[in-house]
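Counting starts at 1 for both ligands and their atoms, following the listed order. Residue numbers run from 1 in the order of the sequence given. Values reported hereafter were calculated over all heavy atoms of this structure, with side chains retained and with hydrogens, waters and symmetry mates removed.
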Amino acid sequence: MQAEYWQKKWSNNNIGFHQENVNKRLQQHWPALKVSAGASVFVPLCGKSLDMLWLHQQGYQVMGVELSDKAVQAFFNDNHLPVTQSSRNGFDIYTGVDQARGIELWVGDFFELTPDDLCAYSAFYDRASLIAMNESLRVRYTTHLGSIMAAGTTGLLLAIAYDQRQMQGPPFSVPDKTVRSLLGNDFTVQELDYFSGPERLGNLASRGLETLEERVYLLRRTASTLTTIVS
Ligand SMILES: C[S@@+](CC[C@H](N)C(=O)[O-])C[C@H]1O[C@@H](n2cnc3c(N)ncnc32)[C@H](O)[C@@H]1O
């Protein structure tokens with residue numbers, strides 16, 4: 001989706017995707033990644049997600065990237081977290097201080113991040129980020145994710161699948177086959193959990209959907225392959 005689409009959503013406070021509680025799949029499955037305490041976790045397209053607060057409370061450094069400065073300011077204000085502001089490489093950077101030390105949210109475009117920006121990161125968490133992208137952008141999203149995450153990085157991905165004819169995204173349907181074809185070149189893809197049924201719909205029930213599948217994946221960035229041609 002285009003930047004204006006998301007900026008408008010935030011300025012109109014039309015943010016049905018935001019969860020008022022920490023995601024329970026994150027809480028349940030994060031330990032499977034075995035990310036060392038103190039490590040740095042990247043949260044692409046972070047919104048003002050409380051999941052970042054939970055990760056920070058688990059002892060991780062957290063870096064999020066988000067287009068909307070309103071979202072980032074709301075994250076710190078809503079949670080009464082002190083913050084300082086600076087700029088680097090074209091991003092406005094909000095750095096938590098005191099009890100929020102270790103949280104850094106970058107306002108700007110995910111696609112502008114470089115491998116150098118993420119070289120210290122050993123894990124990532126994607127909830128409502130891949131599935132926020134339409135069909136053409138999701139290829140760009142996964143390719144870029146693969147290009148900025150170092151070999152060995154692990155990630156937790158939450159994806160949903162549904163009959164795309166019943167509802168226009170976002171969130172878009174990203175079925176298992178698509179997840180594997182989008183990410184399988186750069187990551188090993190392991191399904192950790194699967195749920196399905198109308199009881200999963202939540203606020204999507206009012207948008208015409210009859211049922212929904214949810215999958216939780218553990219991703220691991222594989223080493224880049226170099227092809228050596230021996231003549
Ligand atoms: C569906 S929301 C999910 C937010 C968050 N992950 C959560 O779980 O609440 C998608 C977010 O991505 C942001 N976004 C969309 N495209 C982006 C881009 N290219 N770079 C950075 N943020 C982007 C939007 O502003 C929006 O806050």
(request) Using the test side chain to side chain donor-acceptor pair (under 3.5 Å), find all partners of Asn89 that sit at least two apart in sequence or belong to another chain. (result) Asp117

(message) Could you check whether Trp30 and Phe124 have their ring centres less than 6.0 Å apart?
(response) no

(message) Minimum distance, heavy atoms only, to atom 15 (C) of ligand 1: which one of Tyr141, Trp6, Phe17 is it?
(response) Trp6

(message) Could you work out, for atom 11 (C) of ligand 1, the closest of Lys48, His18, Glu66 by heavy-atom distance?
(response) Glu66

(request) Please determine if Leu45 has a nitrogen or oxygen closer than 3.5 Å to a nitrogen or oxygen of ligand 1. (result) yes

(message) Only heavy atoms of Phe111, strictly under 4.0 Å: list the atoms of ligand 1 that pass.
(response) 19 (N)

(request) Check if Cys46 has a non-hydrogen atom at a distance under 4.0 Å from any atom of ligand 1. (result) yes

(message) Please check this pair: side chain of Thr153 against backbone of Ala150, looking for a donor-acceptor N/O pair closer than 3.5 Å.
(response) yes

(message) Tell me whether Arg25 is salt-bridged to Glu214, with the criterion being a basic N under 4.0 Å from an acidic carboxylate O.
(response) yes

(message) Using a 4.0 Å cutoff against the non-hydrogen atoms of Gly108, which atoms of ligand 1 qualify?
(response) 20 (N), 21 (C)

(message) Going by the closest heavy atom to atom 10 (C) of ligand 1, which one wins out of Gly169, Ser49, Ala128?
(response) Ala128

(request) Kindly say whether Arg165 contributes a backbone atom to a donor-acceptor pair with the side chain of Asp163 at under 3.5 angstrom? (result) yes

(request) Salt-bridge test for Arg127 and Asp51: reply yes if a basic N is under 4.0 Å from a carboxylate O, no otherwise. (result) no

(message) Donor-acceptor check, side chain of Arg207 to backbone of Gln168, threshold 3.5 angstrom: yes or no?
(response) yes

(request) Indicate, with yes or no, if Tyr121 and Met52 share a hydrophobic cluster defined by side-chain heavy-atom contacts under 4.5 Å among Ile, Leu, Val, Met, Phe, Trp and Tyr. (result) no

(message) Please confirm whether Ala3 approaches ligand 1 to less than 4.0 Å, judged on its heavy atoms.
(response) no

(message) Could you tell me, atom by atom, which parts of ligand 1 come under 4.0 Å of a heavy atom of Trp10?
(response) 25 (O), 26 (C), 27 (O)

(request) Please work out which of Met133, Arg127, Gln19, Glu112 has its closest non-hydrogen atom nearest to atom 9 (O) of ligand 1. (result) Arg127

(message) Taking 4.0 angstrom as the limit and counting only heavy atoms of Asp109, give me the atoms of ligand 1 inside it, by number and element.
(response) 18 (C), 19 (N), 20 (N)

